[in-house]
There are 2 protein chains.
Amino acid sequence: MAAIDRSIVADLPIFAELGADDLDEILREARSVRYPKDTSVFDQGDDAHSFFLLLHGHLRVERVASQGQQIVVRYVSAGELFGVAQAMALKKYPATAVAAVDSIALSWPSSAWSRLTTKFPSLAAGALQTVGSRLQDTQARVIEMSSEQVEPRVAHALLRLAKQAGRKVEHGIEIDFPISRQDVAEMTGTTLHTVSRILSAWEQQGLVEGGRQRIVLRDPHRLFGLAEGHGKHGD
Amino acid sequence: MAAIDRSIVADLPIFAELGADDLDEILREARSVRYPKDTSVFDQGDDAHSFFLLLHGHLRVERVASQGQQIVVRYVSAGELFGVAQAMALKKYPATAVAAVDSIALSWPSSAWSRLTTKFPSLAAGALQTVGSRLQDTQARVIEMSSEQVEPRVAHALLRLAKQAGRKVEHGIEIDFPISRQDVAEMTGTTLHTVSRILSAWEQQGLVEGGRQRIVLRDPHRLFGLAEGHGKHGD
């Protein structure tokens, strides 16, 4: 297997504090793997054998509950650590990670985590920031779901996606991977029917532009107003 | 200020790998503070000046959303790190921590976090496990709320509390701090009225025993069945 050149990761924030020799040492234990669109990196319940860094692409992280309902937990973007289950004291992956587009990740054996983070504390600090920001996002979802109003929840979900994986296009901000209305329903704890109704209304009002597995936010400012519950009074 | 004796923390899992000199070094920067019942350790939006370790008692962590609805994010038990906002790259505390009973915590200035975790990687590993387990709990709540059935959500919430802070008593497992029906409503995204209706029915069926700010799980096994949605078919 060819060595992984440090130039492909040196710009990532998680490695920012590390020198060339340190990076080489970390990369020596990594494998680089391609995941074609719709293939899974790991499945919920699998032994947590590896942890990963996404180099290119986007992953959709899904979780199935005991009663069979599925939710989209989050999306992973390039530069993010994922699958750090063992570092969180979990023996098995708590969710399934699926390539939303053709993607490339580095993987390390989970057994290397403790040794690498002891030697390079900035890795542990980066992981803590990643997990911490997921916790904040997940708590925000709990709050939104507690409010029991669906429209602000959908607006919040689209704004979070745009912040994480938005790409400036002519008419606004496009979410930079294929996303279906069913995905949005599973992110907001509602039904496909409700999401379709809301997005169709927003399209007519010029707030978003849709298409097959495609969402463009045409007016993020007004969407933010809806997310904060100001929709009924204009803004 | 008197020095904090290492004997009061040496048994905590987060310090398990550290020697006496290491512990003394860590404790030298800590302050020990008492928080009488119903006082706050920090408030949502305050500058994240310190991080903490709860030595004794229980805290309720609450978060208020922009539209004013309040949720109980979690409870903190003795031995847990909390307020590690700055380690998660947050400048302000994302929630309010209130003493549910008279409590004692150690506090360190947030500025010490990076230095201490670099020197003692097991601290960072412990923090990652703490934040990771909160993330798992919060994701479980999102899944439960997506199911839109209230009864399993309340059962799950009580079982989580019993796992975290349960105390064996004659008739079952008592949640070891004062908890109101309103608290349970704010943990499950439902109303006081609904929680009262569910708990009253469960009391009549001998599943739980209530009282003023007091909950005893009399039959955790059957509650688990309800949490998994088997309630309608008996178990």
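Quick note: numbers below take in every heavy atom, side chains included, and nothing from hydrogens, waters or symmetry partners. Labels below follow one simple rule: chain letters A, B, ... track the order of the sequence lines, proteins then strands, and each chain is numbered from 1. Just so we're clear, the structure is a prediction, and the values are computed from it rather than from any experiment.
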Practice task
Can you tell which part of A:Val131 gets under 4.5 Å to a heavy atom of chain B, answering side chain, backbone, both or neither?
Solution key: both

Handout entry: Proximity breakdown for A:Leu128 and chain B, heavy-atom pairs closer than 4.5 Å
Key = both

Between [atom1] of [X] and [atom2] of [Y], what distance do you get to the nearest 0.5 Å?
X        : Y        : atom1 : atom2 : answer
A:Asp137 : B:Leu135 : CG    : CG    : 10.0 Å
B:Glu17  : A:Thr118 : CD    : OG1   : 8.0 Å
B:Gln139 : A:Arg63  : CD    : CZ    : 5.0 Å

Practice task
Tell me, yes or no, whether the heavy-atom count around A:Gln205 atom CD, taken from other residues, nucleotides or ligands under 6.0 Å, exceeds 12.
Solution key: yes

Completion exercise
In terms of heavy-atom contacts, B:Met88 and A:Gly132 come closest through SD-CA, 3.4 Å

Fill in the blank from the handout: Looking only at B:Arg141, B:Lys119, B:Gln136, B:Arg134, the option with the highest number of non-hydrogen pairs under 4.5 Å against chain A is B:Gln136

Handout entry: Option that, when pairs with chain B are counted at under 4.5 Å, heavy atom only, ranks first among A:Pro94, A:Ser133, A:Ala124
Key = A:Pro94

